[in-house]
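The structure displayed is predicted, hence computed values, not measured ones.
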Amino acid sequence: MQPWFTDAKLGIFVHWGIYAVDGVQESWSFYDDIVPHEQYMSQLDRFTGARYDPRAWADLFAQAGARYAVLTSRHHDGVALWDTAHGDLNLGRDYLTGYADALREKGLKVGLYYSHSDWNHPDYASTRKPGRPPEMEDNRYSECSAQDEDLVAWERFLAYRDGQVRELASRYRPDLMWFDGEWDRSEEQWRIKELAALIRSYSPDVVFNARMLSEGDYATPEQGAPIEPPSGPWELCLTINDSWGYRHDDHHHKSLTQLVRYFTETIGGGGNLLLDVGPMEDGTVPRPQAERLEGLGEWIRKHEAAVYGTVRGLPAGHHYGPSTLSADRRTLYLTLFDIPRSEIGVRGLVTPVRRVSVLGTGTELAHRVVGGLHEAVGVLWIDPPAGSDLDPHATVLAVELDGELELYRGSGRF
């Protein structure tokens with residue numbers, strides 16, 4: 001795992017493709033027969049990208065406090081966002097060079113999403129995942145019946161896939177490759193190890209998400225925040241409204257306060273938040289989504305000491321809210337979502353506390369330890385902040401320790 005990834009904390013997921021023309025669900029709308037296939041594919045000729053400005057994207061992502069972004073270079077519908085020489089489906093223009101260049105100009109890492117699956121490729125539905133019942137039970141776009149399997153066609157598909165991935169790796173040298181669609185086939189069918197070696201031959205330090213199976217570097221929970229965070233590196237991918245791509249009828253946007261909560265809970269559990277935007281067909285990010293990115297960035301700048309250069313915080317039960325810990329393990333950052341009505345308690349803190357202050361204002365708060373018996377330490381009680389020290393979305397307290405963090409995790413004297 002590359003250190004930049006675990007230090008990044010926030011990335012921006014960008015779902016942009018022909019599905020934004022009619023505002024339908026990306027790929028799945030024809031796969032599930034919600035939109036006729038012919039109608040879905042007619043969006044290809046109506047996609048313009050007329051106001052696509054990758055520098056404006058990069059400016060917005062940097063303003064949000066993101067350290068990387070991931071763009072859908074090719075979704076399950078097989079439509080490529082670059083002028084690929086492999087396959088018939090692309091937009092006749094390279095949208096990726098400007099994206100990669102603009103991100104790097106802003107110091108952001110470049111991520112590319114690529115779907116293992118291609119439900120439009122004529123050779124894709126030529127085989128089936130091992131262990132499937134012999135009759136065709138899934139979907140005509142993704143598999144064939146056992147008697148119709150054509151392994152020669154599957155080899156052609158893999159050659160097409162490798163050709164596209166080689167173009168992505170050699171042209172754009174991505175820092176991160178975010179794969180999807182792995183459920184359709186086995187690791188052996190995808191030839192994951194060979195695919196990883198191909199990409200690393202151009203980008204030796206590339207990071208892979210878990211959908212590269214045995215070659216994945218980090219877990220990718222999607223939409224549902226984990227109750228118990230993964231033990232290793234991970235990333236929560238989350239939409240701002242209910243959709244990945246642009247939907248005309250989806251106005252169910254999460255509030256900025258909700259997004260701050262998702263973000264602090266994610267980084268408190270040692271993960272990154274990959275927050276999704278769905279640009280409109282012309283390439284502009286919808287204003288409600290841009291406003292939330294701007295607001296999140298403002299909150300992060302005010303509290304950046306509790307964000308960047310930190311590691312996962314206290315385990316559940318020590319503090320009622322998320323927390324992060326400085327890399328030297330000497331400052332604990334406590335997040336408060338609500339206006340405290342009384343003292344804030346922290347349990348099991350063995351290391352003495354030197355000072356407690358409100359991050360962003362510097363106001364010092366009185367604190368004391370009450371109770372404790374033998375090895376079972378007392379409770380740290382912190383006077384609540386009030387008035388101008390309270391942030392409208394989440395207030396953060398900096399607890400400076402007299403040494404590295406040490407916790408008591410026992411059950412006390414019986």
Side-chain angles (χ1 to χ4, degrees), residues 3 6-10 65 228-234 260-261 263-273 299-386 388-391 393-413:
T6 50
D7 290 342
K9 309 305 180 185
L10 180 66
E228 184 173 337
S231 58
W234 64 283
V260 168
R261 184 159 188 154
F263 178 64
T264 54
E265 289 176 341
T266 298
I267 66 173
N272 292 350
L273 179 63
W299 186 91
I300 289 174
R301 283 188 292 277
K302 181 180 176 182
H303 303 94
E304 63 178 290
V307 177
Y308 307 119
T310 63
V311 297
R312 69 178 66 205
L314 298 171
H318 289 274
H319 161 63
Y320 293 106
S323 61
T324 56
L325 182 64
S326 61
D328 65 5
R329 301 183 61 82
R330 289 174 176 265
T331 305
L332 184 63
Y333 299 99
L334 309 176
T335 300
L336 311 177
F337 292 130
D338 302 313
I339 298 174
R341 295 184 295 176
S342 60
E343 296 167 301
I344 297 108
V346 183
R347 299 186 293 175
L349 195 58
V350 175
T351 315
V353 174
R354 293 176 52 245
R355 182 175 184 267
V356 179
S357 61
V358 180
L359 201 60
T361 68
T363 300
E364 188 167 350
L365 302 175
H367 63 277
R368 68 206 61 82
V369 175
V370 177
L373 179 64
H374 304 314
E375 75 278 5
V377 297
V379 175
L380 170 70
W381 292 104
I382 304 169
D383 283 359
S388 60
D389 288 321
L390 293 170
D391 185 90
H393 306 295
T395 303
V396 180
L397 307 185
V399 180
E400 299 173 32
L401 306 174
D402 190 19
E404 293 188 14
L405 175 69
E406 181 183 352
L407 295 176
Y408 173 71
R409 300 280 289 162
S411 302
R413 182 181 177 185

For Arg261, the salt bridge (charged side-chain N to carboxylate O under 4.0 Å, His left out) test, sequence neighbours excluded, returns Glu265

task = Would you check, one step at a time, whether the test side-chain contact (heavy atoms from CB on, under 4.5 Å) holds for Leu349 with Leu401?
result = CA-CA 10 Å; Leu349 195 58; Leu401 306 174; 4.2 Å; yes

Ile267 and Ala306 have their tightest heavy-atom pair at CD1-O, 4.0 Å

In this structure, are over 12 heavy atoms from other groups packed under 6.0 Å from Tyr320 atom OH?
-> no

Nearest heavy-atom contact between Arg355 and His367 is CA-CE1, 4.1 Å

Rounded to the nearest 0.5 angstrom, the OG1-CG distance for Thr361 and Asp389 is 3.5 Å

Note: Thr266 and Trp234 closest approach over all heavy atoms is O-CZ2, 3.5 Å

All heavy atoms of Ser231 vs all of Arg312, minimum pair found to be O-NH2, 3.4 Å

Rounded to the nearest 0.5 angstrom, the OG1-CG distance for Thr264 and Leu334 is 12.0 Å

Result for side-chain contact (heavy atoms from CB on, under 4.5 Å) between Val311 and one of Asp7, Leu325, Thr6 points to Leu325

d(Glu364 CD, Glu400 CD) to nearest 0.5 Å is 8.0 Å

request  = Indicate yes or no: at least one non-hydrogen side-chain atom of Val369 is less than 4.5 angstrom from one of Pro352.
outcome  = no

Where the side chain of His318 meets the backbone of Arg347, is there a donor-acceptor pair that is under 3.5 Å apart? yes

Can you tell me if CD on Glu228 sees more than 12 non-hydrogen neighbours from other groups inside 6.0 Å? no

Applied to residues 321-330, the side chain to side chain donor-acceptor pair (under 3.5 Å) test, sequence neighbours excluded, yields Ser326-Asp328

Correct closest heavy-atom pair for His393 and Trp299 would be CB-CD1, 4.1 Å

To the nearest 0.5 Å, atom CG of Asn272 lies from atom CZ of Phe263 at 8.5 Å

Margin query: Within the 4.5 Å heavy-atom criterion, are Val396 and Leu336 side-chain neighbours or not?
Written below: no

When Leu314, Val350, Thr351 are each screened for side-chain contact (heavy atoms from CB on, under 4.5 Å) with Leu407, the one that passes is Leu314

Between Leu10 and Gly65, the two heavy atoms sitting closest are CD2-C, 3.9 Å

> So, do Pro340 and Leu390 sit near enough that their side-chain heavy atoms are less than 4.5 Å apart?
Replying inline: yes

**Asked** For the side chain of His319 and the backbone of Thr335, is there at least one donor-acceptor N/O pair under 3.5 Å apart?
**Response** yes

Between the OG1 atom in Thr331 and the CG atom in Leu397, the distance rounded to the nearest 0.5 Å is 12.5 Å

For Arg368, the salt bridge (charged side-chain N to carboxylate O under 4.0 Å, His left out) test, sequence neighbours excluded, returns Glu343, Asp383

